[in-house]
Amino acid sequence: MSLDNAAFSLAGQLLVALPVVTDVAFRKGLVFVCAHSTAGAMGLVVNRPAPDSTLRRLLRELQIDPVSIPMGTRIYAGGPAEPDRGFVLHSPEYHEGQNTLRICKMFSMTATQTVLEALAIGGGPASSMVAMGYSGWGPGQLEGEIRENCWLTTDPDPDLLFGRNDAEKWDRAVTGMGISPAGLSGFGGQA
């Protein structure tokens with residue numbers, strides 16, 4: 001299917017940055033696409049922990065007691081846009097009505113303080129990751145970047161999104177596609 005087809009959506013797909021992507025926010029990045037339409041796209045980087053920040057610290061800043069949050073639980077730098085805005089990517093059994101975006105069968109997203117309060121006391125979604133900021137593309141921009149060989153797309157693996165071994169996620173995503181990371185070139189091209 002053509003990337004130019006208006007009915008085609010990348011929502012629910014994982015973008016894998018190719019070596020030509022050198023921007024520090026996306027280098028060896030994995031971006032889960034939460035929304036995609038002719039108006040643009042929005043996603044969250046799922047393998048870049050936010051520097052010097054933890055979920056316990058964030059909850060305390062919001063005056064939420066992090067009773068059930070283990071020490072060192074990371075939050076992620078979801079992207080360069082609106083870095084002070086939080087998002088919770090999570091498994092689909094948790095739902096807050098219109099406040100929850102069901103992205104696909106396996107993943108939903110909620111951006112409320114209520115979901116953070118639920119996580120703090122051991123409730124909320126069974127699997128989740130918290131991101132500050134997001135990655136955004138204007139109309140046709142993401143499709144253009146894919147055509148320019150900046151990104152590969154693949155189905156997401158919940159362990160890549162919710163797992164904690166961030167240093168290995170990019171390599172695992174690439175090898176999961178049947179590609180050797182060492183064989184990827186830093187030069188793009190088209191046949």
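Just so it is clear, the model here is predicted, and its values are computed rather than measured.
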Short side-chain to backbone donor-acceptor contact, [X] and [Y], under 3.5 Å:
X	Y	result
Arg60	Pro66	no
Trp170	Ala17	yes
Glu96	Thr112	no
Gln141	Gly138	yes
Thr175	Asp171	yes
Asn47	Lys28	yes
Ser128	Pro125	no
Arg102	His95	no
Lys169	Gly29	no

Completion exercise
So CG of Leu161 and OG of Ser91: to nearest 0.5 Å the spacing works out to 11.0 Å
Problem - Atom pair CD/OG of Glu61 and Ser53 - distance to nearest 0.5 Å - result: 6.5 Å
Handout entry: ring-ring contact (aromatic ring centres under 6.0 Å, His included): pairs with one or both residues in residues 109-135, sequence neighbours excluded
Key =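 Pairs touching residues 109-135 that pass the test: Phe87-Tyr134.
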Would you call [X] and [Y] a side-chain contact if the rule is heavy atoms closer than 4.5 Å?
X	Y	value
Phe32	Leu89	yes
Thr114	Asn99	no
Met132	Pro83	no
Tyr76	Val130	no
Phe26	Cys150	no
Leu116	Val88	yes

Problem - N-O pairing of Arg74 and Asp166 below 4.0 Å - result: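 A salt bridge is present here (some side-chain N lies under 4.0 Å from a carboxylate O).
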Problem - Carboxylate-amine/guanidinium proximity below 4.0 Å for Asp159 and Arg172 - result: yes
Handout entry: side-chain contact (heavy atoms from CB on, under 4.5 Å) between Leu44 and Met109, intermediate numbers included
Key = CA-CA 10 Å; Leu44 300 173; Met109 183 179 65; 4.1 Å; yes
Handout entry: Check against side-chain contact (heavy atoms from CB on, under 4.5 Å), Arg56 and Leu59
Key = CA-CA 5 Å; Arg56 288 179 68 86; Leu59 292 173; 5.8 Å; no
Handout entry: Contacts of type side chain to side chain contact (heavy atoms under 4.5 Å, CB included), residue Ile179, not counting sequence neighbours
Key = Leu152, Val174, Met177, Leu184
Problem - Atom CD of Glu93: over 12 foreign heavy atoms under 6.0 Å - result: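 Result for CD/Glu93: enclosed.
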Handout entry: Heavy atoms of other groups near Arg27 CZ, more than 12 under 6.0 Å
Key =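 It does not: Arg27 CZ has 12 such atoms or fewer within range.
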Exercise for the section: Check the angle between the aromatic planes of Phe162 and Phe107 and answer parallel, tilted or perpendicular using the 30° and 60° thresholds. Expected result: tilted
Handout entry: Single-linkage hydrophobic cluster Leu55~Ile121, side-chain heavy atoms < 4.5 angstrom
Key = no
Taking every non-hydrogen atom, the tightest pair across [X] and [Y]:
X	Y	value
Leu14	Leu30	CD1-CB, 4.1 Å
Gln13	Asp155	NE2-OD1, 2.8 Å
Cys104	Gly12	SG-CA, 4.1 Å

Handout entry: Residues Thr100 and Thr110: side-chain donor-acceptor under 3.5 angstrom
Key =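 There is such a pair (donor and acceptor under 3.5 Å, judged by atom type) between the side chains of Thr100 and Thr110.
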Completion exercise
side-chain contact (heavy atoms from CB on, under 4.5 Å) test vs Ser135 passes for just one of Leu15, Val31, Leu142, namely Val31
